[in-house]
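FYI, side chains are in, hydrogens and waters are out, and symmetry mates aren't considered; it's all heavy atoms of this structure. Numbered from 1 within each chain, the chains take letters A, B, ... in sequence-line order.
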Amino acid sequence: MIRTHYSTQITPDMKESVTICGWAHEIRDLGGITFLVVRDREGLVQVTLFKKTIDKNLLEIVRNLSRESVVAITGTIKKEAKAPNGYEVVPTEVKVLGKADSPLPMDTTGKVDADLDTRLDVRFMDVRRPYTQAIFRIRHLILKSIREYLDNDGFLEITTPKVVATATEGGTALFPITYFEREAFLNQSPQLFKQLMMSGGLDRVFEIGPIFRAEEHDTRKHLNEATSIDIEASFLNNEDVMVILENLVKYIYMKVQEKGATYLKTLGVELKIPEIPFKRITYSEAIEIARKNGEKIEWGDDLSTESEHTIGKTIGEHYFIVDWPSKIKPFYALPYEDKPELCRAFDMMHPRMELSSGAQRVHSYEMLRDRIEAQGLNPDGFEFYLKAFKYGMPPHSGWGVGAERLLMTMLGIENIREVVLFPRDRKRLSP
RNA sequence: GUCCGGAUAGUGUAGCGGCCUAUCAUGAGGGCCUGUCGAGCCCCCGACCCGGGUUCAAAUCCCGGUCCGGACGCCA
């Protein structure tokens, strides 16, 4: 191991020799004194070279260093009020581990902006910026706290296939792929598989994984490859899993605030922890709000972007839309017994956009078969799925949350591509 | 996919028929400087997306393409 300390592990009073590893963030040669600012994952360290006392070779190496080259600096800590953080490193050895070409494809110091497109083309360099890094630090915190929360609540983490034989839920377009001599598809969601595990008796499962949608959408909230956070739980109804969802969202916000304070500061974000329970409005009430604001929308229509915005503005915080028309929800959403034109489906919304949708599921084999047909799908393609409903399927419910949307709405980020390292959209397939 | 806007040094920009030998910042190269911390000062380098057209003259106007941004649609 080359490194002995991260930048943040150094204190002004340390006596031992340290080795820091990182990137040459800035080199300021003042003639008689030369400053090299080294950046590692945790922060910045100033390395100071006095012309009079430093080894000539060391000075030459540092003066010839190109910005963003990778270096390992061994030296002693000098307490110095004039230095950032109250100390500087006086080097005894400087190793260039990875030379950087110049000019750089983008600026990493915050002096000159770069377009998102430019940043995505050189994402490796963009991630060196504290701003971008903060986003992915918080993304990590979110995923970690979700696992924590669900594990504590008795959920098992599962992994389901992303390569599937048949079109699954309908609704969205799938990416066809070649699977040896057959055609296959990239899965749009783990929906069917997580439901199979209810028949399997795993009782409560969750999965955090990629989903693929072949839609040609071109917006700031859609990706063709996204990350879905899915749960499915037996013996719970729609309301039960909504409670899990709102509690989870609150938990995530609290954890990010607690453990991600420095990253939030870097991003200039002040988190407001959502209050639970979230408001519940019915689909019919949602339509009413939209119509009152002059929108031409009929009961039975899906919510337009405009409606989403007006309703979001009206409510002003996270909320649920419940009791959707059965016709516009997937076949597996359970219709109410007394009024089957409505179903036990819900969407969880942020004022800006939809974050999650879920439902209590149909668990009767016959009803499920009928619903698949009623939605114009062919039950033959669902044999592997339907079979599980014939031999003892418990009532169950679940939901899926878009991880990127959760992150972007939490941080007030406008473009979903910002919160994915290597986003896949209609145009971008590389890097 | 539709509509609207855009593409100028490595990066971010100004210019929108002749004053362009194209602005500014940042950056690269060279020089001065012992306390910088977006260091400062001097010198210097580097660009009009591609193809066609209009015009005496095109970075600037028109057409097509590619790519980018935004709104909507589709969708989660």
So, is [X] near the phosphate of [N], with a side-chain N or O under 4.0 Å from OP1 or OP2?
X       : N      : result
T118(A) : G12(B) : yes
R428(A) : C67(B) : no
K111(A) : G27(B) : yes
N415(A) : G70(B) : yes
T305(A) : G73(B) : yes
K82(A)  : U36(B) : no

Please state how far atom [atom1] in [X] lies from atom [atom2] in [N], giving the value in whole angstrom units.
X       : N      : atom1 : atom2 : value
D101(A) : G10(B) : CG    : C1'   : 12 Å
I33(A)  : C37(B) : CD1   : P     : 12 Å
I211(A) : A76(B) : CD1   : P     : 9 Å
E216(A) : A71(B) : CD    : P     : 19 Å
I328(A) : A76(B) : CD1   : C1'   : 14 Å
R39(A)  : G38(B) : CZ    : C1'   : 15 Å
I416(A) : A71(B) : CD1   : P     : 13 Å
D29(A)  : G29(B) : CG    : C1'   : 14 Å

Among [options], which nucleotide sits nearest the side chain of [X]?
X       : options                : answer
R67(A)  : G38(B), U26(B), A28(B) : A28(B)
L30(A)  : U13(B), U36(B), G27(B) : U36(B)
R220(A) : G70(B), G35(B), A28(B) : G70(B)
H309(A) : U36(B), A76(B), C72(B) : C72(B)
R405(A) : U13(B), A28(B), A76(B) : A76(B)
A114(A) : U11(B), U13(B), C37(B) : U11(B)
F50(A)  : A28(B), C72(B), G35(B) : G35(B)
V112(A) : A28(B), G35(B), U11(B) : U11(B)

Pairwise [atom1] distance for [N] and [M], with rounding to whole Å:
N      : M      : atom1 : result
A58(B) : G18(B) : P     : 11 Å
A22(B) : A9(B)  : C1'   : 11 Å
G51(B) : A28(B) : C1'   : 33 Å
C42(B) : C4(B)  : C1'   : 47 Å
A59(B) : C16(B) : P     : 14 Å

Does the R67(A) side chain pair with the main chain of I27(A), one donor and one acceptor, at a distance under 3.5 Å?
no

Taking R291(A) for the side chain and I297(A) for the main chain, is one N or O donor matched with an acceptor at less than 3.5 Å?
yes

Please determine whether the number of non-hydrogen atoms from other residues, nucleotides or ligands lying under 6.0 Å from atom CD of E270(A) exceeds 12.
no

Heavy atoms of other groups near K78(A) NZ, more than 12 under 6.0 Å
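Yes - once you tally the heavy atoms of other residues, nucleotides and ligands closer than 6.0 Å, there are more than 12.
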
Checking all strands, does [X] fall into the base, sugar-phosphate, or nothing category for heavy-atom contacts under 4.0 angstrom?
X       : result
H25(A)  : nothing
Q46(A)  : base
T34(A)  : nothing
K52(A)  : base
D107(A) : nothing
L355(A) : nothing
D218(A) : base
P105(A) : sugar-phosphate
K329(A) : nothing
E88(A)  : base

Does any N or O donor sit under 3.5 Å from an N or O acceptor when you compare the side chain of E215(A) with the base of G73(B)?
no

Is the F136(A) to Y263(A) ring centre distance short of 6.0 Å?
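No - the distance between ring centres of F136(A) and Y263(A) does not fall below the 6.0 Å cut-off.
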
Measure from the ring center of F175(A) to the ring center of F212(A) and say whether it is less than 6.0 Å.
no

Taking a pair as Watson-Crick or G-U wobble with both distances under 3.5 Å, which nucleotide is matched to [N]?
N      : answer
C19(B) : none
C3(B)  : G70(B)
U34(B) : none
C48(B) : none
A57(B) : none

State whether a side-chain donor-acceptor pair under 3.5 Å links T160(A) with E207(A).
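Indeed, the side chains of T160(A) and E207(A) share at least one donor-acceptor pair under 3.5 Å.
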
Whether the S228(A) and D230(A) side chains hold a donor-acceptor pair (N or O, under 3.5 Å, no angle test) is what I'd like checked.
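Yes, side-chain donor-acceptor contact under 3.5 Å.
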
Interatomic distance, M242(A) atom CE to S397(A) atom OG [nearest 0.5 angstrom]
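That separation rounds to 10.5 Å.
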
5′-ward residue of the pair G402(A)/D425(A) relative to RNA chain B
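Between the two, 5'-proximity favours D425(A).
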
Heavy-atom nearest nucleotide on RNA chain B for G31(A) versus F35(A): which residue maps closer to 5'?
G31(A)

